[in-house]
Amino acid sequence: MVFRRCSSLIGLLSLVMVILSRQVWGIRLGMVRRPSPELPLFREAPAFRNGQECGSSTINVAMTLDANYLRGTMAAVLSMLQHSTCPENLAFHFLSAHDDAPELFSSIKSTFPYLNMNIYRFDSNRVRGKISKSIRQALDQPLNYARIYLADTIPPHVKRVIYLDSDLVVVDDIAKLWGVDMEHKVVAAPEYCHANFTLYFTDAFWSDPLLSETFQGRNPCYFNTGVMVMDVDTWRKERYTQKVEHWMAVQKQHKRIYHLGSLPPFLLVLAGNIKAVDHRWNQHGLGGDNFEGKCRSLHPGPISLLHWSGKGKPWLRLDSRRPCIVDYLWAPYDLYRSSRHFFEE
C-alpha cells in the first residue's frame with residue numbers, strides 16, 4: 001500500500017482509518033512476558049507468512065538496536081512484515097552497542113517469535129575519540145556511527161543490505177527497494193539536489209581549497225543516511241570505512257568542518273557518487289528540525305516510507321498528547337503495551 005499526499009486533516013485521518021482496517025485483525029492482543037524490568041512491554045505481533053509465489057531469496061535489513069529507540073524499532077519491523085509480499089524472506093541484522101543486547105533480543109523475539117534475526121555487538125571503542133560534538137546530543141552517540149562500520153560487523157557472507165533508521169515505517173513492499181539496480185555504486189538512496197548543499201559544511205571547510213576540492217568532478221547532492229541500500233561487499237573491498245574515518249579525523253584533529261554528527265563524513269565520501277532512488281523511499285524530516293522538532297507536513301508525491309528524522313519522535317509526541325498530524329500515520333504500527341492510541345485492551 002502506497003500513500004499519496006493528503007491535502008487536509010480529514011484526508012490524512014482517512015488514511016489512518018484505512019491502515020487500521022488492514023491491521024487490527026492481525027494484532028494478537030495477548031500479553032507476552034516482560035524480558036527485562038527496564039524495557040517496555042510490547043504486544044505479540046502476528047506470524048506473517050509467505051505466499052506460494054515466494055522463492056527463497058533473502059532480503060537483508062540492518063538496523064541499530066537501542067533501548068531508547070526500541071519502540072520505534074518494533075514499529076518499523078512490523079510495518080515491513082505487514083507490507084511485504086514475502087515476509088519470511090526478510091532477515092534482520094541488529095547492531096547493539098550496550099550490554100543489554102540479550103534483553104533486547106528477548107524483547108524482539110517475544111514480540112516477533114518467528115522473526116529471522118541476529119544481533120551483533122558494535123564495539124563503541126571503534127569511535128571513541130573520533131566523535132566531535134554536534135548540534136544535538138542524540139547525534140553524538142556511538143551507535144549513531146555504527147552504520148559506518150556495518151560492513152565490518154555483520155557476517156562476510158552478507159553482500160548487500162538495506163540500512164534503516166529506527167524512526168520510520170515502511171508502507172510499501174521493501175522488496176521493491178531491495179531490487180534497485182545499484183549500477184556498480186556502493187550506496188543507493190534518494191538524492192535531494194534542491195537542498196542547499198553548502199549548509200552541511202562550515203565556512204572553514206569551503207574557504208580551504210585543499211578540503212573543498214574533494215568535490216571536484218562530482219555533482220554533490222544531499223542524501224539521508226537513514227535509508228540506504230548498501231553494497232557491503234564493495235564497501236569492505238574498497239575500504240570505505242577508512243575513507244569516512246579520514247574525514248572524522250580531519251574534523252576532530254584539525255578544524256571543525258561540519259556540525260551534523262555522522263552524516264557529513266558520508267557526504268564527503270559519497271555525495272555525487274551514489275545511485276539515486278525514487279524520493280518515495282524516504283519521506284524524511286517528519287520529526288522537524290534538530291532544535292525544536294516542530295510539526296511538518298508531507299511532501300508532494302507518492303510515499304513508500306515515512307521517516308521521522310529530526311528531533312521530534314512520534315511515540316514521544318503521542319505520549320505527551322501533543323502529536324503532529326503525521327504522527328497518526330505511525331501510531332497503527334505501535335505495539336507498545338500501554339499504547340491506547342488505537343488499540344484498547
F48 and Y114: ring-ring contact (aromatic ring centres under 6.0 Å, His included), yes or no, with the steps?
CA-CA 8 Å; F48 295 93; Y114 306 98; 10.0 Å; no

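- Side-chain contact of N68 with R71: a donor-acceptor pair under 3.5 Å is absent, judged by distance alone.
- For NZ of K237, the number of neighbouring non-hydrogen atoms (other residues, nucleotides, ligands) closer than 6.0 Å is 12 at most.
- Ring orientation note: the planes of W330 and W315 are tilted relative to one another, at an angle of 30° to 60°.
- With rounding to the nearest 0.5 angstrom, the CG atom of L286 is 10.0 Å from the CG atom of L168.
- Checked by atom type, the side-chain pair Y240/E245 shows no donor-acceptor distance below 3.5 Å.
- The distance between the ring centers of H279 and Y192 falls below 6.0 angstrom.
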Passes side-chain contact (heavy atoms from CB on, under 4.5 Å), I108 versus F92? Steps please.
CA-CA 11 Å; I108 294 177; F92 288 87; over 6 Å; no

Would N118 and F94 count as a side-chain contact (heavy atoms from CB on, under 4.5 Å) if you check the C-alpha gap in whole Å, the side-chain angles of each, and the deciding distance to 0.1 Å?
CA-CA 6 Å; N118 283 289; F94 295 109; over 6 Å; no

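- Counting heavy atoms of neighbouring residues, nucleotides and ligands inside a 6.0 Å radius, atom CZ of R218 exceeds 12 of them.
- Using modelled atom types, one finds a donor on one side chain and an acceptor on the other under 3.5 Å when comparing W308 with D327.
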Evaluate the criterion side chain to side chain donor-acceptor pair (under 3.5 Å) for residue pair S309 and D165; output intermediate values, then yes/no.
CA-CA 9 Å; S309 57; D165 278 348; over 6 Å; no

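- A salt bridge is defined here as a Lys NZ or Arg NE, NH1 or NH2 lying under 4.0 Å from an Asp or Glu carboxylate O, and R128 with D123 fails to meet this definition.
- With rounding to the nearest 0.5 angstrom, the CD1 atom of I59 is 9.5 Å from the CG atom of L177.
- In this structure a side-chain-to-backbone donor-acceptor pair under 3.5 Å is missing from S106 to P102.
- Counting heavy atoms from C-beta outward, I257 and W247 have side chains that approach closer than 4.5 Å.
- Of the possible polar contacts, none joining the R239 side chain to the R236 backbone as a donor-acceptor pair under 3.5 Å is found.
- Ring geometry for Y222 against H284 counts as tilted: the plane angle lies between 30° and 60°, on a 0 to 90° scale.
- A donor-acceptor pair under 3.5 Å is formed between the side chain of K313 and the backbone N or O of G310.
- Taking each heavy atom of F223 and P190 in turn, the nearest pair found is CB-O, 3.3 Å.
- Here the NE2 atom belonging to H83 is positioned 10.0 Å from the OG atom belonging to S304, to the nearest 0.5 angstrom.
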Give the C-alpha distance, both sets of side-chain angles, the deciding distance and a yes or no for side-chain contact (heavy atoms from CB on, under 4.5 Å) between S166 and M74.
CA-CA 8 Å; S166 296; M74 296 292 195; over 6 Å; no

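- The closest side-chain heavy-atom distance from M80 to L90 is below 4.5 Å.
- In this structure F112 satisfies the ring pair (Phe, Tyr, Trp, His ring centres under 6.0 Å) test with no other residue, sequence neighbours excluded.
- Within the 3.5 Å criterion, the main-chain N or O of N50 finds a donor-acceptor partner in the side chain of E88.
- Heavy atoms from other residues, nucleotides or ligands lying under 6.0 Å from CZ of R121 number more than 12.
- Looking at every heavy atom in both residues, L81 comes nearest to P87 through O-CB, 3.7 Å.
- Contact between R160 and G179 at its shortest, heavy atoms only, is NH2-C, 4.3 Å.
- Counting only heavy atoms from C-beta outward, the side chains of L270 and V186 approach each other to under 4.5 Å.
- By the 4.5 Å heavy-atom criterion applied to side chains, H194 and C221 are not counted as neighbours.
- Put simply, the side chain of Q283 does not reach to within 4.5 Å of the side chain of L305, judged on heavy atoms.
- More than 12 heavy atoms of other residues, nucleotides or ligands sit less than 6.0 Å from atom NZ of K159.
- Here the shortest heavy-atom pairing between A204 and S207 reads O-OG, 3.3 Å.
- Formation of a donor-acceptor pair under 3.5 Å by the T202 side chain with backbone atoms of R256 is found in this model.
- No donor-acceptor pair under 3.5 Å is formed between the side chain of H246 and the backbone N or O of V244.
- H307 and N282 form a side-chain donor-acceptor contact under 3.5 Å, judged by distance and modelled atom types alone.
- Around CG of N125, the count of heavy atoms belonging to other residues, nucleotides or ligands within 6.0 Å exceeds 12.
- Here the closest non-hydrogen pair linking L95 and L150 is CD1-CD1, 3.7 Å.
- In this structure a side-chain-to-backbone donor-acceptor pair under 3.5 Å is missing from T234 to D231.
- Side chain of T214 to main chain of L211: no donor-acceptor pair is present (N/O by atom type, distance under 3.5 Å, no hydrogens or angles).
- Contact between W281 and D173 at its shortest, heavy atoms only, is CH2-O, 3.4 Å.
- For the pair P113 and E44, the minimum side-chain heavy-atom distance is below 4.5 Å.
- In this structure, S124 contributes its side chain and P142 its backbone to no donor-acceptor pair below 3.5 Å.
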Under the side-chain contact (heavy atoms from CB on, under 4.5 Å) criterion, do K252 and K130 qualify, and how do the steps go?
CA-CA 6 Å; K252 186 70 174 179; K130 299 176 184 176; 5.9 Å; no

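- A 4.5 Å side-chain heavy-atom check between S96 and F122 finds every atom pair outside the cut-off.
- Between atom OG of residue S262 and atom CD1 of residue I148 there is a gap of 5.5 Å, rounded to the nearest 0.5 Å.
- Using a 4.0 Å cut-off between charged side-chain N and carboxylate O, D289 and R296 make no salt bridge.
- For the pair F205 and L268, the minimum side-chain heavy-atom distance is below 4.5 Å.
- Note that R126 lies outside the cation-pi zone of Y145, set by a 6.0 Å cut-off to the ring centre and a 45° limit from the axis.
- Proximity of a side-chain donor or acceptor of K109 to a complementary backbone N or O of L115 within less than 3.5 Å is detected.
- If you check the side chains of N89 and T58, you find no donor sitting under 3.5 Å from an acceptor.
- By the criterion of side-chain heavy atoms lying less than 4.5 angstrom apart, applied directly or through intervening Ile, Leu, Val, Met, Phe, Trp or Tyr residues, W206 is grouped together with Y258 in one hydrophobic cluster.
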Please report the C-alpha distance between T111 and R43 in whole Å, then the side-chain angles of each, then the deciding distance to 0.1 Å, and finally whether the side chain to side chain donor-acceptor pair (under 3.5 Å) criterion is met.
CA-CA 6 Å; T111 306; R43 285 185 280 268; over 6 Å; no

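- Expressed to the nearest 0.5 Å, how far CG of D334 lies from CG of L78 amounts to 9.5 Å.
- Taken from OG1 in T73 to CG in L104, the straight-line distance is 9.0 Å, to the nearest 0.5 Å.
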